[in-house]
Amino acid sequence: MNCRRRLSWCAALCLLPLAPIAARLCFLQVFATRRMSAMAKSEATREQIKLIQRGRILDRSGKVLAQSLPSWSAFLDPSMMRQSKRHAPAIAKALNLNPAEVARKASGRSKFVWLKRKLDLAEVDALQSLKVEGVGVVPDEQRYYPNGDMARPLLGLVGLDGAGMAGVELQQNKELSGIARKVPLLRDGAGRRMELAPHAEDAPVPDLILTIDRTIQHFAEAALLDAVQKHRPEKATIVVQDPRTGDLLALASFPSDPLKLPAVQDAYEPGSTFKVVTVAAALEEKLARVDDVIDAENGRWEVSPKIFIKDHEPDGLLALSQVIERSSNIGTAKVGLRLTPEKFNKWARAFGFGARTVLAFPGETAGKLKETGKSSRVVLANNAFGQGLSVSSLQLTAAYSALANGGKLLEPRLRVRQGSSPVVVRQVMSEQTLRSLNAILEGVVERGTGQPARVPGYRIAGKTGTAQKIDPATGKYSKEKYVGSFVGFAPASDPRWTILVTMDSPRVGYYGTDVAAPVFAKLLRNLLGVYGVKPDQQAPPPDGALARQAAEADPRTAARP
Amino acid sequence: MTKRYILWGGVAALTFLFVWQQIQSVRLGYEVEKARTSIEDQKRRNAYLKLEIERQMAPAEISRLARERLKMSAPAPGAIVVLDTGRTQDAAAASPARLARWPKAALRTTRNWLLAARPRPERAAP
């Protein structure tokens, strides 16, 4: 055997033990490749959840009303967490939690416990810097309302899972909802991560633009808050609508509850603000004329045996316009009785009462009109001055907007859509009736019960209302609880805003004249100033007001006593 | 013989090139991922800062600052005089851009007024 052959044998002998390894490698690489690849992949790859944020809600000028931002939620796996007692205080400090609560969660038997939901960036940084095994964070989102409580009853709220629970958030939940997407990541032994299939950035959820004007909403809420402090009502609302388009510009409510929007969801007996509908119906049906004289019976009239209608002030003979200006229940009841229940209902429905609007807001009320079959003389007389039926603030505002815009009942709009024009539901009344009614409503503010709603220099049309409320305990009208309201539009020469103010069960004062009309005037003054609306005629400055202001503004004289 | 060395050398170089390219690819992948994470983090912080701006620009907040810090008050009834500029009221007043400028303009005017009203150091008498 020569040397070369011996060396070959030696080499073969040395390599022989490697043969099974080679065979095994060959088997793994060739025959078990799929299974092994899958195993390797499952070891090295992870899935990360990426959230496309819930859409923003903007006002008509693009200001943010609601917005979602990335957030995180921290979880704990007690089985992985060693020395839980040692780490609990540090975790509690990082997350602003009670150490005892963290310790209790860490000693539990469950494999997954939420430590805290909706963390902010600082809390995440603090938690991650601890590097505690068994504690992790997952992406989440948090809904923010940068204007605080502004318009919250309208906007509503979202739950912990990010779904709308009330208000616009619920109504438009489908369009606003974000998307959670799983992204595969490659993770190496050192814990470094890399996206396996880089992709183009996801398009954000489109913004929802409301017709609400943040500035008007602010003024409405400020005026409402002042009135609430003064009159201490149980509930109060302000609705501002653009009568030219039907756009809702502000919906202010007290109390500010994200779960409840009283202006749309609550029905109430409107009282005298409804008298306009009765008079409009009588004028249109040619059953009354503006110069008709009606006997107001010195404030007390027996409409039916032993059933009396009373006025707040005793009046004798009144022209139809004076009946509205002085808000005579008796006069309006007499006008109403010229109609049949069918005709009364037809006209009430023509103004949009007794049916929901197209807003389809969650929980929207339709209000209630008496069924014509059940209507008696007393019911019709009561309905004529706005008792015994119920409406929503939204319906009443829309009805007065129809008076302001030439008799067209418009669909109220809450959402701005590109290229959409106002939708006319119907032409409610003739031009002639409209002119008469608007003159009467201007008279209410100039000479009648609506005088506190006056803003010097501007023509304003409106109507006060003071409605008795049903006492749930007795089922009869309460002598203590009223809804005071004022609804009107301005400037009457070219209406820009229809404004309704309601004060439900105020504890100080209760007449619409006292509790609602001044709020209307205050809000309107702000709007006229901010929007630079030219007065109809130059108003004289209030006594000494300008001089006083100028003196206060002048630093040379400000410090003087 | 030389040809064989060249061949093996070439194969070795190609192998090294392939391995180097693979390593660089992974390294750059991690760097890209790090940059992406950093961008996302910056975007997140930017979104929070924008939210803070929105909070500060909220009408209620501006109103509070004007009242408490700048000692401003709402104009008395009748104190606002609207001048006829010849422009239509809708176009001039109700445009979103004008409304958006309004709080800033109010703050700017107030600041200028305060600066003008600030007492200046008196010069020593000659």
Side-chain angles (χ1 to χ4, degrees), chain A residues 53 59-65 67-70 120-121 144 146-150 185-186 188 192-196 198 213-215 217-219 221-222 244 455-457 494 496 521-522 525-526 528-535 538-542 545-546 548-549 552-556 558, chain B residues 25-34 36-37 39-41 43-45 47-48 50-63 71-85 87 89-90 92-100 102-103 106 113-114 116-119:
Chain A
Q53 306 294 334
D59 85 337
R60 64 188 299 116
S61 56
K63 301 289 176 201
V64 179
L65 298 176
Q67 179 180 14
S68 286
L69 285 182
D120 61 29
L121 207 54
Y144 290 94
N147 301 289
D149 276 344
M150 177 191 275
L185 289 176
L186 187 70
D188 68 4
R192 292 178 301 182
R193 294 171 175 205
M194 183 165 56
E195 223 170 274
L196 269 178
D213 184 313
R214 191 172 74 162
T215 308
Q217 181 74 29
H218 166 67
F219 283 128
E221 290 187 359
R244 301 166 298 182
V455 176
D494 178 21
R496 295 276 303 271
K522 183 175 183 179
R525 260 198 307 272
N526 282 328
L528 292 166
V530 169
Y531 283 82
V533 178
K534 219 168 53 172
Q538 197 59 48
L546 283 178
R548 202 165 47 247
Q549 268 211 338
E552 281 169 9
D554 190 341
R556 291 167 301 181
Chain B
S25 163
V26 171
R27 191 181 61 80
L28 288 173
Y30 284 130
E31 275 186 25
V32 166
E33 190 55 34
K34 203 173 162 187
R36 199 198 315 271
T37 310
I39 288 169
E40 277 178 16
D41 190 44
K43 275 185 180 172
R44 218 162 17 229
R45 285 174 197 274
Y48 272 99
K50 279 183 177 166
L51 177 77
E52 194 52 38
I53 290 173
E54 286 291 337
R55 275 189 183 142
Q56 295 298 323
M57 293 296 285
E61 182 63 14
I62 291 177
S63 181
K71 308 295 176 200
M72 294 172 88
S73 62
I80 296 176
V81 178
V82 180
L83 300 175
D84 188 359
T85 57
R87 297 163 71 195
Q89 288 173 9
D90 275 3
S95 73
R98 187 189 154 109
L99 279 177
W102 181 76
W113 177 80
L114 283 172
R118 195 168 53 185

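Every chain is numbered from 1 and lettered A, B, ... according to where its sequence line falls, protein lines coming before strand lines. What you see below is based on every heavy atom in this structure, not just the backbone, and it leaves out hydrogens, waters and symmetry mates.
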Smallest heavy-atom separation, B/A58 atom then A/P146 atom, equals CB-O, 4.1 Å
Answer key: most heavy-atom pairs under 4.5 Å with chain B among A/A222, A/G148, A/P70 is A/P70
All salt bridge (Lys or Arg N to Asp or Glu O under 4.0 Å) counterparts of B/D41, not counting sequence neighbours: B/R44, B/R45
Partner chain B: residue of A/D59, A/N526, A/N147, A/L528 with the largest heavy-atom pair count (under 4.5 Å): A/N147
For B/K43, all residues meeting side-chain hydrogen bond (donor to acceptor under 3.5 Å, both in side chains), sequence neighbours excluded: A/E201
Minimum heavy-atom separation for A/V64 and B/E54, please, with both atom names. N-OE1, 3.6 Å
Heavy-atom cut-off 4.5 Å, strictly under: side chain, backbone, both or neither for B/E40 against chain A? side chain
Atom pair CD (A/Q67) and NZ (B/K50), whose distance is rounded to the nearest 0.5 Å: 9.0 Å
Which atoms of B/T37 are under 4.5 Å from chain A, going by heavy atoms: the side chain, the backbone, both sets, or neither? neither
